[in-house]
2 protein chains.
Amino acid sequence: MKIKPEYCNVHDALSILVGKWKPIILLYLMSEGTMRYGELKKALVGITPKMLTNQLRELEEEGLINRKLYPEVPPKVEYSITEYGMTLKPILDSMHEWSMQHKKRKLENTID
Amino acid sequence: MKIKPEYCNVHDALSILVGKWKPIILLYLMSEGTMRYGELKKALVGITPKMLTNQLRELEEEGLINRKLYPEVPPKVEYSITEYGMTLKPILDSMHEWSMQHKKRKLENTID
DNA sequence: AGATATAGTATCCAAAAAGATACTATTGGA
DNA sequence: TCCAATAGTATCTTTTTGGATACTATATCT
């Protein structure tokens with residue numbers, strides 16, 4: 001059997017999740033609920049405005065988060081997880097769980 | 001609450017899985033069992049030897065796959081998934097499942 | 001009139017990931 | 001003696017991703 005990355009579903013799922021700040025943003029919105037742009041910017045230590053906007057836009061494009069613009073001045077924009085975005089929660093949770101075990105395992109194997 | 005990517009377990013789990021060919025290699029070894037370097041190279045259409053070696057080494061370093069070298073000439077090397085690597089299967093399976101739903105959903109929303 | 005607050009853009013630069021391509025060691029067999 | 005087979009290395013280039021930093025629009029408040 002011959003295969004290419006483009007035909008791999010896991011590869012595609014990963015490409016949606018990957019991005020330096022995407023998992024964090026998703027987890028954050030999943031647990032904290034609605035947040036404004038500025039709040040996210042404060043919470044995500046070290047993120048640049050360009051990156052924040054970029055990651056939010058990409059998540060929005062996949063339908064995972066919602067962007068609500070209030071027509072005020074100064075502007076107010078609220079981000080929240082969509083119902084659809086919540087379908088990722090079990091996967092993120094199991095990755096979180098696996099990662100913790102993995103780190104534990106690494107420590108155990110570092111007897112040197 | 002303030003957060004950084006380095007403190008996010010999901011981020012870390014992803015970084016182990018990410019790499020253009022890693023998910024494919026894992027899935028392949030999970031389903032096909034043991035494979036030689038040359039067999040993998042033939043199966044993974046378009047991969048360069050450098051990339052193949054690189055991805056295999058990184059997976060091996062995490063303990064997910066096994067490298068068995070037979071001291072023959074010409075050399076013979078067999079790769080297989082480890083028992084530990086198999087603990088990732090449920091996660092990969094759910095990502096596969098999610099990705100399929102996601103594509104279906106995208107098609108439905110493309111009525112334009 | 002000028003400062004303030006918010007949610008971004010725009011531009012340029014650095015680092016990381018991936019691709020192309022050629023090369024190597026070894027030894028059993030023709 | 002020279003070639004084939006296998007599992008890689010080595011080197012250079014391109015592409016992708018992320019970082020630094022400065023700038024903008026605009027109604028309101030003083």
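FYI, side chains are in, hydrogens and waters are out, and symmetry mates aren't considered; it's all heavy atoms of this structure.
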Any side-chain heavy-atom pair of L44(B) and I3(A) under 4.5 Å: yes
Counting any heavy atom closer than 4.0 Å, what does K50(B) reach on the DNA or RNA strands: base, sugar-phosphate only, or nothing? base
Any side-chain N or O of R36(A) under 4.0 Å from OP1/OP2 of dT6(C)? no
Between atom NZ in K76(A) and atom P in dT28(D), what is the gap in whole Å? 16 Å
Can you identify which nucleotide, out of dA7(D), dG19(C), dT21(D), has its nearest atom closest to the T48(A) side chain? dT21(D)
For the pair made of NZ in K41(A) and P in dG8(C), what is the distance, rounded to whole Å? 12 Å
With a sphere of 6.0 Å drawn around NZ of K103(A), does it hold more than 12 non-hydrogen atoms of other residues, nucleotides or ligands? yes
Is any side-chain heavy atom of L64(A) less than 4.5 Å from a side-chain heavy atom of I16(A)? yes
Going from OH on Y28(B) to CE on M1(A), what distance comes out if it is rounded to the nearest 0.5 angstrom? 5.0 Å
Which of the following nucleotides, dG8(C), dT21(D), dT27(C), is nearest to the side chain of Y79(A)? dG8(C)
Report the residue (P74(A) or M51(A)) whose heavy-atom-nearest nucleotide on DNA chain D is the more 5′ of the two. M51(A)
Once you apply a heavy-atom cut-off of 4.0 Å, does G46(A) come out as touching a base, just sugar-phosphate, or nothing? nothing
In residues 52-59 of chain A, which ones come under 4.0 Å of DNA chain C, going by heavy atoms? T53(A), R57(A)
Rounded to whole angstrom units, what separation is found between the NZ atom of K4(B) and the P atom of dG19(D)? 13 Å
Indicate yes or no: at least one non-hydrogen side-chain atom of L17(A) is less than 4.5 angstrom from one of K22(A). no
Any Y37(A) side-chain heavy atom under 4.5 Å of T53(A) side chain: yes
K20(A) NZ to dA17(C) P, straight-line distance once rounded to whole Å: 11 Å
Atom OH of Y70(B) to atom P of dA7(D): distance rounded to whole Å? 11 Å
Whole angstrom is fine here: how far is it from NZ in K68(B) over to C1' in dT6(D)? 18 Å
Would you kindly give the CH2-to-C1' distance between W21(A) and dT17(D), to the nearest whole Å? 14 Å
The nucleotide from dA22(D), dT26(C), dA7(C) with an atom nearest the side chain of P49(A) is dA22(D)
Roughly how many Å is it from CD1 in I47(B) to C1' in dA18(C), rounded to a whole number? 10 Å
With heavy-atom distances below 4.5 Å as the criterion, would you say the side chains of E39(B) and Y79(B) are in contact? no
